[in-house]
Trainee: 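First, the structure itself, so that you have it in front of you.
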Number of protein chains: 2
Amino acid sequence: MTSPAASSSRIATPIAFAEADLDVVSFNSEGLVPAIVQDATDGTVLMLGYMDVTALRRTLTSGRSWFWSRSRGEYWCKGETSGDRQWVRSVHYDCDGDTLLVVVDQDGEGACHTGNRSCFYRRFDDQSDNVSGVTDTSPG
Amino acid sequence: MTSPAASSSRIATPIAFAEADLDVVSFNSEGLVPAIVQDATDGTVLMLGYMDVTALRRTLTSGRSWFWSRSRGEYWCKGETSGDRQWVRSVHYDCDGDTLLVVVDQDGEGACHTGNRSCFYRRFDDQSDNVSGVTDTSPG
């Protein structure tokens with residue numbers, strides 16, 4: 001029996017930073033910054049989470065993606081319970097410093113709790129006219 | 001002399017939707033939803049902007065990317081003045097409905113007002129140890 005940790009052959013690569021480097025990031029009035037997570041292998045946008053300065057610091061230090069859950073009011077490390085871990089390869093910030101882009105190697109089935117690889121698996125005007133979010137491949 | 005509009009060979013492709021389809025999107029307490037913009041050609045994450053329901057409706061209807069500027073307090077259509085237009089190919093929403101992913105064909109030099117193709121042109125621990133945001137390719 002292997003644990004999710006043991007099943008991953010990937011290793012964490014911490015990103016060196018000085019505390020002053022964090023000043024480039026502008027956190028909003030809630031102390032949060034949106035963090036887009038993109039798959040390093042093919043550029044798929046996997047999800048968007050929110051980081052406060054502590055979650056960002058943990059992400060850089062650990063090489064794993066840490067977020068602040070606004071609904072649960074707690075920190076969470078992606079995949080720690082599901083096994084769908086994210087191994088951080090680079091952390092970018094935008095021209096305004098108010099958005100992060102986290103490039104990762106994604107473990108497991110994907111990033112979404114629904115079992116989809118990407119959280120963005122639904123779109124407007126899709127072929128099945130299905131915009132209600134129900135997965136349905138039947139005609140009409 | 002050609003205008004930016006005339007210089008683009010791309011055409012707008014509106015995305016069909018019913019008003020009720022917009023109910024899948026959860027807007028925050030400010031009435032906004034973050035919208036990640038990704039390049040259709042190679043998956044580059046170009047920028048993140050914010051849409052309210054009107055900006056989303058305009059985006060779907062026009063096939064061009066519309067945002068709400070929090071700093072200027074006005075709607076803006078990306079590239080309308082710069083010529084760096086975005087031609088929307090699909091609009092996705094995530095599992096929670098609180099983030100959008102807009103896939104576009106990007107005109108011009110790119111999406112960033114700095115002249116960079118992507119707004120995420122800086123990263124922590126980059127090779128030049130340049131995390132202050134100053135573009136500097138000189139040694140040390």
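First the proteins, then the strands, lettered A, B, ... as listed; each starts at 1.
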Trainee: Within 45° of the axis and under 6.0 Å from the centre of the six-membered ring of A:Y75, does NZ or CZ of A:R58 qualify?
Mentor: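 Positive - A:R58 is close enough to the ring of A:Y75 and near enough to its axis.
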Trainee: Could you check which of A:G97, A:A16, A:G43 has the highest count of heavy-atom pairs closer than 4.5 Å to chain B?
Mentor: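 It is A:A16.
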Trainee: Do we get A:R72 above A:W76's six-membered ring, with its NZ or CZ under 6.0 Å from the centre and within 45° of the axis?
Mentor: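 Flagged: A:R72 positioned over aromatic ring of A:W76.
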Trainee: Which bit of B:T99 comes within less than 4.5 Å of chain A, counting heavy atoms only: side chain, backbone, both or neither?
Mentor: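 For B:T99, the contact with chain A is made by backbone and side chain together.
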Trainee: Report which part of B:V88 has an atom under 4.5 Å of a heavy atom belonging to chain A: side chain, backbone, both, or neither.
Mentor: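 Neither; nothing under 4.5 Å.
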Trainee: Looking at A:W68, I'd like to know if the NZ or CZ of A:R70 sits under 6.0 Å from its six-membered ring centre while staying within 45 degrees of the ring's axis.
Mentor: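 Cation-pi check for A:R70 and A:W68: fails.
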Trainee: Name the option with the most non-hydrogen atom pairs under 4.5 Å to chain A; the candidates are B:T114, B:I36, B:L100.
Mentor: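 Highest number of heavy-atom pairs under 4.5 Å: B:I36.
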Trainee: May I ask you to say whether B:R85 pairs ionically with B:D105, meaning some side-chain N is under 4.0 Å from a carboxylate O?
Mentor: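 Salt bridge flag = no for B:D105 with B:R85.
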